[in-house]
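Worksheet: one structure, shown below.
Letters A, B, ... are given to chains in the order of the sequence lines, protein chains preceding strands, and every chain is numbered from 1. The model shown is predicted, which means the values in this text are computed figures rather than measured ones.
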Amino acid sequence: MRLSDTLTGEKRDFVPLDSTVRMYVCGITPYASAHVGHAMSYIVFDVLHRYLEFKGYNVRYVQNFTDIDDKLIARAAAESATVQELAERHIAEYFEDMAALNVLEADVYPRATQEIPKIVEVVSGLIEKGYAYPSGGDVYFRVRSVPSYGKLSHRSLDAMRAGARVEVGVEKEHPMDFVLWKAAKPGEPSWESPWGPGRPGWHIECSAMALRYLGDSIDIHGGGQDLVFPHHENEIAQSEGFSGTEPFARFWVHNGLLHLDAEKMSKSLGNLVTIRDALARYSSDAIRLSVLNAHYRGPGYYSDEALAGAERAAARLRQAAFARPVAAPPSAATPEKERLDPSAHRERFIAAMDDDLNTPQALAVLFDLAHDVNRDAEAGRDVAGAQATLLELGREVLGLTFEERGGGIDDELAARVEALVERRSELRAAKRFADADAVRDEIAALGVTLTDSAEGTTWKMSGPS
RNA sequence: GGCGACGUAGCCAAGUGGUUAAGGCGGGGGUCUGCAAAACCCCUAUUCGGCGGUUCGAUUCCGCCCGUCGCCUCCA
């Protein structure tokens, strides 16, 4: 398959270093609930993860939690909780959110606070090699020691320095030098180190964890586009400086950012919708479909209109996957020509995914397949094999569940609806249609939609309000 | 200001130097139904922001312009 690499700006053939693909994706800083922008990113990398395994690769997937930083400290203080309590709560919530979105688990979820020895080792190594220097209890990375600094984000130190918002710290040699280790302030969580009590700076934890769990050279390093600079740029400087191995990551994969009302969604702007908010209104499949409908490198857009449309689209795939042929049930005796052969669709799907994870195109193939399944099922042909392919590709590769949004119906309501449905059926049998329609209106007022068929009447909760 | 991305039907969104420019939503028509709903089927861009250029031929390559957005500060 071909994959885009932010560093070279090229789309190249992806070949892992050895039989196991090493993939590291930056995780969250657990100081608040994850929002749908996070959902977009982790769904994208989930699909990459799934597709690599679908292709037969072994994947070792590492995703971190940066469970110590300024915002965590500030938020914990505001809530009179410890940093650890706050982090644990949001990490637990994150796992629930990901499970609800049908995101497969990574193999390792290291946490910054549990990797202090490795972090200290990396910082020490960087000092020894001249890439870093202690200063007043802090330790800084010396950006001028890396001539290629800026190679990922395609900018030069001079250009960055020209930026008006860079402040020169008194204890730094260069304004772009960034902190590896921060001296502890009173009351803050801290760990012992050769430079005194302190805590890791922002970027170092990812270098330490990637080096520890995946080695000096990894195949894929992923994250949102907003991490390209400074986070990933600094990770490269730290990791390559420490290990002496280039490249630290062979493919840098960045997803575009999710927008809400024409602006990117972010914690700092406050314009966010949490994953729980979204899941309360839309199915996991709808959320995934809305993400995968656009290429991962471009921006995504969250809106009720888009999600409602995706919900309908999800229902369309589900319908086709479980549609029953109108004629005789399929059997082994079914002539070849009376069967829908999905192999061409399958090839097109794989070709699309092979081309830098072109999920919009892959999805289009699935919709084409759904269309053919419906048409042929109507004509009485055997579509079982095609349906199996639809389910297989949708579930295994795209992480769709083909299930409706679950839960939310209590027994009392169900009993009431059942009784009303029964009454309406009796009225219909008696051809008292006006009365039957009145009952239907009553049922509709409860937020329930009825579906009549030859086998009887079924009901379900209407779509999101 | 520097660097970068993008502008395709009512909306979302793939894609290609040249036969009919994917797919989804929405909309229109039809099948089914007591009527509906749901579901399914059919239809729905002579055209790809604007102006030039290269070319036999450009939506696709180049230049300029207009517009939107991102990064340069915490962010997936």
Side-chain angles (χ1 to χ4, degrees), chain A residues 6 9 25-29 31-32 34-45 63 66 69-71 150 153-156 158-167 176 202 222-231 233 254-259 262-269 272 289-290 292-295 297-301 303 305-317 319-320 323 326 348 352 355 358-368 370-371 373-375 377-379 428 431-434 436-437 440 444 449-454 457-460 462:
Chain A
T6 305
V25 174
C26 286
I28 57 165
T29 298
Y31 75 96
H35 57 70
V36 287
H38 297 114
M40 172 176 171
S41 188
Y42 298 117
I43 287 171
V44 164
F45 289 104
Q63 188 179 118
T66 299
D69 92 318
D70 291 349
K71 292 188 297 294
S153 50
H154 304 109
R155 60 190 80 186
S156 66
D158 288 342
M160 286 185 262
R161 202 168 183 174
R165 287 180 278 187
V166 176
E167 280 182 30
M176 294 308 294
W202 178 28
Q225 254 161 20
D226 51 353
L227 296 182
V228 173
F229 190 90
H231 187 57
E233 191 72 62
H254 292 103
N255 63 276
L257 303 179
L258 191 71
H259 292 238
E263 268 189 322
K264 75 157 183 170
M265 187 176 297
S266 79
K267 292 175 182 174
S268 54
L269 290 173
L272 47 81
L289 245 28
S290 75
L292 301 176
N293 179 47
H295 189 92
R297 274 184 289 112
Y301 297 92
S303 69
E305 190 190 6
L307 269 292
E311 195 72 78
R312 298 295 303 270
R316 183 179 178 76
L317 290 179
Q319 190 71 27
V326 294
R348 283 205 292 140
D355 184 15
N358 193 331
T359 54
Q361 218 162 62
L363 225 35
V365 175
L366 254 35
F367 282 107
D368 283 344
H371 176 257
V373 164
N374 286 327
R375 181 178 26 70
E378 193 84 5
R428 290 181 69 216
K431 304 257 192 264
R432 290 169 57 188
F433 296 121
D437 289 351
R440 181 166 63 198
T449 303
L450 297 183
T451 301
D452 294 334
S453 74
T457 300
T458 59
W459 62 275
K460 66 174 184 178
S462 305

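Paired regions of RNA chain B, where each region holds three or more successive Watson-Crick or G-U pairs whose two hydrogen-bonding distances fall under 3.5 Å, are B:1-7 with B:66-72, B:10-12 with B:23-25, B:26-31 with B:39-44, B:49-53 with B:61-65.
The shortest distance between side-chain heavy atoms of A/Thr458 and A/Leu450 does not fall below 4.5 Å. Within the 4.5 Å cutoff, the side chain of A/Met40 has no heavy atoms near those of the A/Leu257 side chain. Looking at heavy atoms from C-beta onward, A/Ile28 lies out of side-chain contact with A/Thr66 at the 4.5 angstrom threshold. Counting heavy atoms from C-beta on, the side chains of A/His231 and A/Asp226 never come closer than 4.5 Å.
For the pair A/Ala436 and A/Gly223, both in contact range of RNA chain B, the more 5′-proximal nearest nucleotide belongs to A/Ala436. Both A/Val228 and A/Phe45 lie close to RNA chain B; mapped to their nearest nucleotides by heavy-atom distance, the more 5′-ward contact belongs to A/Val228.
Taking 3.5 Å as the limit, the base of B/A37 and the side chain of A/Arg440 contain no donor-acceptor pair of atoms between them. The base of B/G34 lies close enough to the side chain of A/Arg428 for a donor and an acceptor atom to sit less than 3.5 Å apart. One N or O donor and one acceptor, one from the side chain of A/Asp452 and one from the base of B/A36, sit under 3.5 Å apart.
Here the closest heavy-atom approach between residue A/Leu292 and residue A/Thr359 is recorded as O-OG1, 2.9 Å.
Stacking of A/Arg316 on the aromatic ring of A/Phe367 is not recorded, the 6.0 Å distance cut-off and the 45° axial limit not both being met.
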Using a cutoff of under 3.5 Å, can you pull out all pairs of nitrogen or oxygen atoms linking the protein to nucleotides 15-17 of chain B, with atom names and distances?
from	atom 1	to	atom 2	distance (Å)
B/G15	OP1	A/Asn358	ND2	3.1

Using a cut-off of under 3.5 Å, enumerate the N/O to N/O pairs linking the protein to nucleotides 24-26 of chain B.
from	atom 1	to	atom 2	distance (Å)
B/G26	OP1	A/Arg312	NH1	2.7

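In this model, a donor atom of one side chain and an acceptor atom of the other lie less than 3.5 Å apart for A/Asn255 and A/Ser41.
In this entry the distance linking NE2 of A/His259 with P of B/A76 reads 15 Å, nearest Å. Per the geometry, CG belonging to A/Asp437 stands 9 Å off C1' belonging to B/G34, to the nearest Å. Between A/Phe229 atom CZ and B/C72 atom P there is a gap of 8 Å when expressed in whole angstrom units. Here B/U31 presents its P atom at 19 Å from CG of A/Asn374, a figure rounded to the nearest Å.
Closest contact between the side chain of A/Phe433 and the listed nucleotides B/A22, B/G34, B/A76 involves B/G34. Checking B/C40, B/C72, B/C12 against every side-chain atom of A/Arg155, the shortest atom distance belongs to B/C72. The side chain of A/Ala294 has B/A14 as its nearest neighbour among B/C40, B/A14, B/C72. Of the candidate nucleotides B/A76, B/C40, B/C74, B/A76 has the atom lying nearest to any side-chain atom of A/Asp226. Checking B/C3, B/A14, B/C72 against every side-chain atom of A/Pro230, the shortest atom distance belongs to B/C72.
Among the atoms of the strands shown, none is found under 4.0 Å from any heavy atom of A/Gly222.
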